[in-house]
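The model shown is predicted, which means the values in this text are computed figures rather than measured ones.
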Amino acid sequence: MAADPIEAVFETVAATAPEIRAGLPGRRTTLDQQNETGDQQLQADVWADELLGDRLAAVEGIGEYASEERKEVADVGEGYAVAVDPLDGSSNLKSNNPMGTVVGIYDGSLPTGGHDLVAAGFVLYGPITTMVVAREGRPEGYVVEDGQRRSIGPVELPEEPTVFGFGGREPDWPTDFAAYVEGVRNELKLRYGGAMIADVSQVLTYGGIFGYPALQNRPSGKLRLLFEAAPIAYVVEHAGGRSSDGDRSLLSVPANTLHQRTPTFVGNESCIEDLEAAVDW
Ligand code: P6P
C-alpha cells in the first residue's frame, strides 16, 4: 500500500485538475444521456469522470471508486473508498461560470455515511484553480499550478456570517423554510451561483450559509449525500462551521443507497442553529 493513500488521492486530483480545466472548452455539448440521479450529462462530465476514475483506481490503497456519473461502485483493489463528483455544477460550463470537483474518502464500503469519512476536499475551477483538503484539524487551502499544490494556509470560517445562497425554486420551498429565508435576507447578502463548490467557497471565505433544501415536490432535495453533501460537510465542520440536513449533522445521515439525496446546509454555527429551529421536515 502507498505510504499515504489519502495524500496520494489528493496529489492525483491536483495533478488531473489542469487537464480537466484545459479540456472543458471542447466538451460543452450535452449528451443524449442522464446520470443516475437524472442530471443531463455533458461530454465534460463523462470525460472528467473517466480521467479521475482511471487515475484514482491506480492509487495503491484505494479499493473502491464511485462517482455521481456512474451507476455502480467500481471495485479497484484493497483499501479506502473514494466517492467523486467529477464536475460539480457542470451546467455552469455553458454560461462560463465556476465549477468544481468534489472528493470524499471513506473508510468503509460504499454506500456508507459521512461518519466513515477520513478526508474530503474540493477543487474550484474559478478565475484561478484552487483546492481545499480536510483531514485532521483545519482544512488546508492551495493554489493549483501545473498540477502541483502550493499551500496558502489553513481555511477557517470567519466568525461573522455575511453571505447566503439557497438552491431550488422559491415556490417549491416548504413554507417554514421560505419564512426562515425572509429573515436571512434582512441580515445577509445573496450569493448563489449554481455550483455548490463555488457557493461553499464564498461561505468559507466570507462566512454565512449555503444550502439546498427539501422541496415540496422532492422531500430529499437535490444534492447527493455521498458525492456532495457529506464531503462538503466534512470540510466546513473542520473549518469551524456546522452542517445539517435540517435536523442533524450531515455526517450523521446514514447512507442506504449510493445516489441518495439529502437536504443540505453548511455554514456558521449560528446560521445552522437558526435554520434547524425554523424547519421541521
Ligand atoms: P440548481 C449542480 O448540478 C448541483 O448539483 C450543485 O453543484 C448546485 O449547488 C446545485 O446542483 C444547483 O442546482 O437547481 O440551482 O440548478
Side-chain angles (χ1 to χ4, degrees), residues 4 6-29 41-56 58-59 62 65 67-69 82-105 119-135 138-158 163 165 191-206 210 223 227-228 231-232 234-236 238-239 266:
D4 181 352
I6 294 173
E7 187 59 16
V9 164
F10 291 113
E11 279 171 3
T12 303
V13 173
T16 308
E19 271 186 271
I20 289 177
R21 186 174 192 124
L24 293 177
R27 293 178 173 84
R28 293 159 52 108
T29 49
Q41 285 184 313
L42 298 184
Q43 264 192 309
D45 287 312
V46 174
W47 177 66
D49 177 46
E50 283 169 0
L51 275 182
L52 289 167
D54 291 348
R55 296 184 184 167
L56 291 174
V59 172
I62 299 305
Y65 174 86
S67 131
E68 200 177 281
E69 305 308 329
V82 178
V84 175
D85 182 357
L87 203 55
D88 174 63
S90 58
S91 59
N92 276 354
L93 183 52
K94 190 171 178 181
S95 55
N96 193 30
N97 291 106
M99 290 162 283
T101 294
V102 190
V103 182
I105 303 178
F122 64 81
V123 174
L124 176 55
Y125 306 102
I128 58 174
T129 304
T130 54
M131 193 169 182
V132 172
V133 174
R135 291 187 69 172
R138 288 287 182 249
E140 192 74 9
Y142 303 92
V143 170
V144 178
E145 289 163 323
D146 302 327
Q148 297 297 317
R149 288 175 290 167
R150 173 167 58 81
S151 173
I152 49 177
V155 177
E156 194 153 349
L157 205 64
V163 300
R191 289 288 183 275
Y192 187 80
M196 177 189 73
I197 287 303
D199 294 328
V200 170
S201 183
Q202 291 258 15
V203 169
L204 287 170
T205 307
Y206 300 112
F210 162 81
L223 301 187
F227 303 109
E228 295 169 304
I232 215 63
Y234 189 93
V235 171
V236 174
H238 277 76
V266 290

Contacts table for residues 7-17: side-chain donor-acceptor under 3.5 angstrom, sequence neighbours left out:
| residue | atom | partner | partner atom | Å |
| --- | --- | --- | --- | --- |
| E7 | OE2 | R149 | NH2 | 2.6 |
| T12 | OG1 | A8 | O | 2.7 |
| T16 | OG1 | T12 | O | 2.7 |

For residues [X] and [Y], report the shortest heavy-atom separation together with the two atoms involved.
| X | Y | value |
| --- | --- | --- |
| L204 | A239 | CD2-CB, 3.8 Å |
| Y65 | G53 | CZ-CA, 3.5 Å |
| G194 | D199 | N-OD2, 3.3 Å |
| G89 | A195 | CA-CB, 3.9 Å |
| G104 | P231 | CA-CG, 4.1 Å |

Considering residues at least two apart in sequence or located in another chain, which fulfil the salt bridge (charged side-chain N to carboxylate O under 4.0 Å, His left out) criterion with [X]?
| X | value |
| --- | --- |
| R28 | none |
| R150 | E145 |
| E156 | R138 |
| R191 | none |

Would you please name every residue forming a side chain to side chain donor-acceptor pair (under 3.5 Å) with [X], sequence neighbours left out?
| X | answer |
| --- | --- |
| Y234 | none |
| N92 | none |
| E140 | S151 |

Taking only residues two or more places apart in sequence, or in another chain, which ones meet F122 in a ring pair (Phe, Tyr, Trp, His ring centres under 6.0 Å)?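 Expected list: none.
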Rounded to the nearest 0.5 Å, how far apart are [atom1] of [X] and [atom2] of [Y]?
| X | Y | atom1 | atom2 | answer |
| --- | --- | --- | --- | --- |
| L42 | K94 | CG | NZ | 9.5 Å |
| I197 | M131 | CD1 | CE | 10.5 Å |
| E68 | S90 | CD | OG | 8.5 Å |
| E228 | D88 | CD | CG | 5.0 Å |
| F210 | M196 | CZ | CE | 6.5 Å |
| L51 | E19 | CG | CD | 5.5 Å |

Would R135 and D4 count as a side chain to side chain contact (heavy atoms under 4.5 Å, CB included) here? Give the steps. CA-CA 12 Å; R135 291 187 69 172; D4 181 352; 2.9 Å; yes
Give the C-alpha distance, both sets of side-chain angles, the deciding distance and a yes or no for side chain to side chain contact (heavy atoms under 4.5 Å, CB included) between L87 and L24. CA-CA 10 Å; L87 203 55; L24 293 177; 3.7 Å; yes
S91: what forms a side chain to side chain contact (heavy atoms under 4.5 Å, CB included) with it, not counting sequence neighbours? none
Partners meeting side chain to side chain contact (heavy atoms under 4.5 Å, CB included) with R27 (sequence neighbours left out): Q43, A44, W47
Strictly by side chain to side chain donor-acceptor pair (under 3.5 Å), give each pair with a member in residues 123-134 just once, sequence neighbours left out. R21-T129, T101-Y125
I want to check something: taking the side chain as every heavy atom from C-beta on, are [X] and [Y] in contact at a cut-off of under 4.5 Å?
| X | Y | result |
| --- | --- | --- |
| V236 | V203 | no |
| I20 | L52 | yes |
| L56 | V84 | yes |

For the side chain to side chain donor-acceptor pair (under 3.5 Å) test, which of D49, D45, D85 pairs with S67?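 The option that passes is D49.
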Looking at Y192, I want to see if its OH is surrounded by more than 12 non-hydrogen atoms of other residues, nucleotides or ligands under 6.0 Å. yes
